[in-house]
Each structure stands twice: as C-alpha cells, then as structure tokens.
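By convention in this document, chain letters (A, B, ...) are assigned in the order of the sequence lines, proteins followed by strands, and residues within each chain are numbered from 1.
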Amino acid sequence: MAGTLNMTDRRRLAMLLTPAYLWLLIAVFLPLAAMLFFSFLTKMPQDGPDWAITLDNYSAFLTNPTYGTLLIKSLQLGMIVSVICVIIGYPCALVLAKSIKGRAREALFLMVILPFWSNSLVRIFSWAIVLRGNGVLELTLNAVLPFDLNLNLMFTTHAVVIGLVHSYLPYVILTSYLALQAIDDDLIDAARSMGASKLTILRRLLLPLSLPGLLAGVVLVFVPVVGSFMEPRILGGRMGTYYGTLIEDQFVAVYNWPLGAALSFILLAVVLVILAVASPVLKGART
Amino acid sequence: MSQVEVSHVTKRFGTMTALDDVTINFTDGGFFALLGPSGSGKTTLLRTIAGFYFPESGTIRIGDIAVQKVPVEKRDIGMMFQNYALFPNMSVADNVGFGLRVRKVSRNEEARRVAEALELVQLGAFAARRPQQLSGGQRQRVALARAIVTKPKVLLLDEPLSALDKTLRVDMQIELKRIQREIGITTIFVTHDQEEALTLADQIGILKAGRIVQVGAPRDVYDHPVDAFTAGFLGDANWVPDSAMSGLTLPREPDGFRFATRPEMLTISQDRPAPGTNSLPGKLKQRIFAGTMATCIVDVNGESWKLTARDRDIPQIAANDDVWISWVPRDTMAVPR
C-alpha cells in the first residue's frame with residue numbers, strides 16, 4: 001500500500017499516525033521495556049546501590065516447581081473459563097444476531113454489556129454476597145426447592161470461575177455477534193431451500209463463517225484470565241492462589257519487583273507461544 | 001417436476017396484506033414470470049411458494065401434495081437468490097453438492113451429479129474455485145447449478161438477473177431459457193423488468209398491490225391488457241383522448257372501454273395519411289435519437305404520445321411542426337375502464 005502513496009499522502013499519514021504511535025511508545029512500550037530491564041536485576045536500584053544484572057529471576061521459575069504448577073493451574077483456569085464463555089456466549093450471540101429483531105435486540109444487548117459499566121471490584125464483591133454460605137443464592141434455592149441445600153460456593157474454584165465468566169462473557173458475545181450478524185440471511189435461506197436442517201446450517205455454515213469472531217473472543221478471554229488476580233483473590237480465598245496472584249504478591253506484598261517482572265515475562269512468552277501455535281487455526285478459519 | 005397450484009392464498013404482515021386472495025396455476029414444465037412493481041407482493045408470493053412464509057389462508061399444492069404448512073426445507077424446491085447467496089466458505093463443487101450431501105447421497109453419486117450440473121452451466125473447469133474468485137455471471141451459473149442439482153420439483157428464481165450488466169444479462173437470459181428447456185423443470189421467476197418477463201416466460205402473471213391482475217402468454221398480455229395499469233406497466237401506452245374517438249376505426253363499441261396503441265405501432269408524417277388508417281393530428285415536441293431506434297414525443301390533444309421507430313424511417317421534421325400520427329386499426333388495444 002505504501003508504494004502507491006505520494007509524498008503529501010505519506011506526510012498526512014505520518015501526521016495522523018504519530019499520536020497513536022507516540023501513545024503506544026509512552027504508555028506500553030516504555031513501561032514494558034523498564035519491566036524487562038527490572039526482570040534481570042538482583043534488586044531494585046532504589047533499594048540500594050549494590051544491584052547487578054542476573055538471570056536468577058528466570059532460573060527461579062525452573063528451580064521452584066510451585067511457579068510452574070501455578071502457571072499450569074492458571075492456564076487450565078483460562079481454558080475452563082474460555083470454554084464456558086463459548087458455551088454460554090456463542091448461543092447467546094446466535095440468538096441475538098439471527099432470531100431477535102428490533103427493540104428486544106437492543107434491550108438484550110444492553111443487558112449483555114451492562115457488566116462493563118460497573119466497577120469490577122464492586123461486581124466481584126456482589127458475587128461474594130451471592131455465593132457465600134447463607135447468601136443470596138443459597139437462600140433463593142432453599143426458598144424454591146422442596147429440600148434444604150447446603151451451598152457454600154465462596155472460596156472455591158467454582159466461585160473464581162463464576163466470577164471470571166461473568167466478567168469476560170461479554171467479549172465472546174460481542175465478537176461472535178459481530179461475526180454472525182455479518183452473515184447474509186440469504187445464505188441461511190439458501191441452505192434451507194436445499195433442505196438443510198437447523199443443525200446442518202449451524203455446523204456447515206454459521207459456525208465456519210463466524211469462527212474468526214468466536215476465536216477472537218476466546219483470545220480476549222483467555223489471555224487476561226490466565227493473568228487474573230482480583231477474582232481469584234476475593235472469590236477464591238485460600239483456593240485462589242494462581243499465577244496472577246503470585247505475580248501480584250511479588251509487587252505488592254513481597255516487594256520483589258525483579259522476580260514479579262520475570263514471572264510476568266514468562267507468562268507473556270507462554271501466551272505468545274500458545275497464540276502462535278493456534279494461529280494457523282485462526283488463519284484457516286478466515287477462508 | 002410438478003405443477004404448482006396456488007389457490008385463494010392470503011398472507012399478511014401485521015396489518016399489511018401482502019397477498020390478497022391470490023389464485024394462480026403453474027403448469028408442469030412451464031416457465032412463468034411474476035411481474036409487478038416493487039411492493040406488489042411478487043417476492044412474497046415466490047417465498048410463500050418456497051415455504052419461507054406460511055399463508056394465513058388458502059392452499060398451495062406442489063404436485064399432488066398440499067404444502068402450505070410444510071416448511072421450506074421439506075418442500076423439495078430449488079431456489080436462486082438475487083445476490084446468488086453462494087456459501088463463501090465452500091468451493092464451487094461443495095456449494096453445488098450441498099443439497100445432495102444434506103440428502104445423504106453417496107460421495108460418488110454426489111461427485112457425478114455435481115460434475116453433471118456444472119457441465120450443464122458450462123462451468124466444469126471451475127469446480128475447485130471459491131465463489132469469491134468468480135465473476136458475476138459465473139456466480140450466477142453456480143447458483144443455478146446448485147438450485148437444480150437436487151432435481152427439485154420446482155425452480156424458483158428471485159430477480160435472478162438484476163445484478164448483472166445489460167449485455168451479460170441478455171446472454172444469461174438465453175442460457176437460462178436453454179437450461180430450463182433442457183431439464184424441463186417448472187420454473188417461476190420474479191422480476192420487475194417487463195422486457196425480461198416478455199423474453200423469458202411462456203406465461204406471465206402480473207401483480208399489483210398483492211393481487212393477481214392478469215395471467216397469460218406474453219403476447220396476449222402485451223396486446224390485450226385487462227386494465228390501464230397492465231397496459232402501462234408492460235410497455236408505453238398512448239391513450240386515445242375521448243374527444244378524438246369519433247373519426248377512428250375502433251375494435252369495439254367504446255362503452256366501458258378506453259383505447260390505446262403501443263409506441264412501435266405508430267407512424268409519423270407531415271401529410272395527412274390515406275383513409276383506412278387511424279390518424280390524429282399533433283405537434284412534434286421532441287425527437288430522441290438512440291442509435292438504431294429513435295423516439296418521438298408528440299403532443300396529441302394535450303396528451304403526450306410516444307412513438308418509436310427505426311431512426312431512418314422517421315422523416316426529418318422540425319420540432320413544433322404540425323404532424324400526423326397514424327396506425328393500422330387492428331393495432332388498437334381496447335382496455336376496460
């Protein structure tokens with residue numbers, strides 16, 4: 001594209017892009033570079049003059065098996081939350097995009113994005129009220145069901161998953177909705193005219209055509225969930241030790257910033273590797 | 001292949017009546033055009049026959065089976081859409097084979113019939129391509145192959161040629177007619193293009209405001225329209241002013257009828273034509289040259305008449321000159337008021 005631009009266009013393009021790149025440089029690249037630098041230090045420079053360059057923070061990940069275990073636990077959490085988000089979110093997007101029209105669609109859409117409008121901390125504490133023993137959920141179920149149920153979900157892995165799914169579900173719904181909505185209704189009509197059942201249409205037409213959107217949603221859920229620390233800490237309690245809380249501890253509790261930074265970059269590398277491995281699938285879905 | 005009978009079908013959307021007691025019969029193997037202005041209900045009728053809509057009342061029979069309550073996927077129809085609706089995630093062969101695979105035809109049989117259908121639309125070499133890699137005309141052919149490969153009882157076409165440019169459209173009209181004859185399938189197509197309907201169909205149904213106004217062979221409908229709307233919709237009609245009727249030879253008594261002629265039936269001259277022809281005096285307003293043909297706008301008794309003829313057959317007359325318009329009496333259309 002750049003080859004076809006003349007000088008004036010090029011200057012205009014540069015002028016329009018500069019603020020964005022400048023912002024990226026200051027807000028993303030510089031802090032990341034600083035963190036990368038910290039991750040190779042023995043201690044933070046402000047803590048004393050005797051700091052040195054070292055690889056110890058990275059080798060700690062290999063020598064201490066807890067870190068690896070927690071990373072795998074976080075990756076599993078990311079997968080579970082992504083899968084549940086897809087199972088709930090994709091049908092939701094399907095109904096929104098293809099079955100509901102007009103006013104009802106707008107109202108439902110509002111309800112989908114409503115979680116985004118509330119503070120995430122408030123949202124998580126609300127879940128705590130719902131999920132704890134003798135909480136809203138237990139009282140409601142006991143009021144409806146004929147038998148008494150002892151349901152204390154608070155400080156369990158289930159609570160963490162529920163909180164995370166609630167926080168990240170809108171991403172899957174929005175990206176899938178956009179992909180599904182772009183599919184021409186005539187394609188569905190054409191498939192029906194050839195005798196295809198609803199399931200066949202979903203399997204051979206809607207799913208393949210909306211897969212890029214669905215996968216984009218999965219990436220948007222998976223990556224932050226693997227590094228999440230707030231939901232595990234508040235809803236998981238003792239069960240809520242994950243790779244994200246481990247990193248958070250290094251920064252706010254132990255004050256070992258170099259180790260926290262190194263663990264962060266290991267996570268970044270692992271996520272990038274996973275996305276790279278998955279990218280042929282992502283690309284293949286687009287055709 | 002079957003005949004399709006639509007009887008007393010009414011379809012409403014909310015308070016709007018899209019089809020109002022429509023009765024029309026499509027004989028086995030015929031090529032029908034449903035013609036009408038936009039909003040006349042022609043697409044609704046097609047989609048009701050297809051099974052996308054269920055009528056509030058009335059019956060639809062395909063072959064001997066009443067299908068008005070059968071959904072589209074069980075009606076065994078073939079349909080072609082205005083924008084072709086080819087599946088972008090499948091190759092041409094998979095697009096055409098989709099309906100066969102849904103019917104659980106064996107892979108060998110599917111391959112054979114797909115190849116056969118693509119051969120019929122002369123796209124045998126394009127089986128492995130994606131729809132995005134084809135031109136508009138080729139996509140059209142794929143859509144047609146896909147619609148007929150399952151050997152449906154009836155082929156439904158929704159404005160099939162409107163997305164093509166004019167030269168390609170004429171080619172495709174000829175092609176469509178050839179294929180329809182070759183496989184002998186009952187075909188119903190919707191169009192707003194009267195020329196296309198007259199060219200392709202052996203029966204035309206004209207719709208207006210959800211009602212069938214007239215059904216007949218192209219020439220019948222063109223020469224004997226049942227009302228002023230049909231007369232004006234199928235082509236230009238020059239209406240004989242009531243005050244000018246006395247001197248003319250008319251096909252019938254004028255009670256309850258108006259009379260009109262088609263632009264191509266008229267001759268223009270400066271001298272008064274010989275008796276025996278119908279003639280009216282007028283004033284030449286405009287002459288529009290369009291290659292082989294030319295159109296003259298003539299003011300006749302305050303009404304604007306249109307005349308088309310080969311340009312070389314029209315004498316050189318200056319604008320605003322007095323002229324005579326004449327035509328053979330049997331070319332007069334009698335249209336009920």
Atom [atom1] of [X] and atom [atom2] of [Y]: how far apart are they, to the nearest 0.5 Å?
X: A:Asp186; Y: B:Asp158; atom1: CG; atom2: CG; value: 8.0 Å
X: A:Ser193; Y: B:Asp76; atom1: OG; atom2: CG; value: 10.5 Å
X: B:Ile77; Y: A:Met194; atom1: CD1; atom2: CE; value: 9.5 Å

Give a yes or no on this: more than 12 heavy atoms of other residues, nucleotides or ligands lie within 6.0 Å of atom [atom1] of [X].
X: B:Arg112; atom1: CZ; result: yes
X: B:Arg178; atom1: CZ; result: yes
X: B:Lys69; atom1: NZ; result: no
X: B:Asp64; atom1: CG; result: no
X: B:Arg181; atom1: CZ; result: no
X: B:Phe81; atom1: CZ; result: yes
X: A:Tyr21; atom1: OH; result: no

Quick one: closest heavy-atom pair of [X] and [Y], and the distance?
X: A:Pro208; Y: B:Asn89; answer: CB-ND2, 3.4 Å
X: B:Arg47; Y: A:Asp189; answer: NH2-OD2, 2.5 Å
X: B:Pro88; Y: A:Leu209; answer: CG-CD2, 3.6 Å

Worksheet item: Does the side chain of A:Arg192 reach to within under 4.5 Å of the side chain of B:Val72, using non-hydrogen atoms?
Response: yes
Item to complete: Would you check if B:Met90 and A:Leu205 make a side-chain contact, meaning some heavy-atom pair closer than 4.5 Å?
Response: yes
Discussion item. Heavy-atom pairs under 4.5 Å with chain A: which of B:Pro71, B:Ala85, B:Gly78, B:Ala50 has the most?
Written reply: B:Ala85
Worksheet item: Relative to chain A, which segment of B:Arg75 carries a heavy atom at a distance below 4.5 Å: side chain, backbone, both, or neither?
Response: neither
Discussion item. Report which part of B:Leu86 has an atom under 4.5 Å of a heavy atom belonging to chain A: side chain, backbone, both, or neither.
Written reply: backbone
Item to complete: In sequence, state the C-alpha distance, the side-chain angles, and the governing distance for A:Arg204 and B:Phe87, and then conclude on side chain to side chain contact (heavy atoms under 4.5 Å, CB included).
Response: CA-CA 10 Å; A:Arg204 295 203 51 202; B:Phe87 306 139; over 6 Å; no
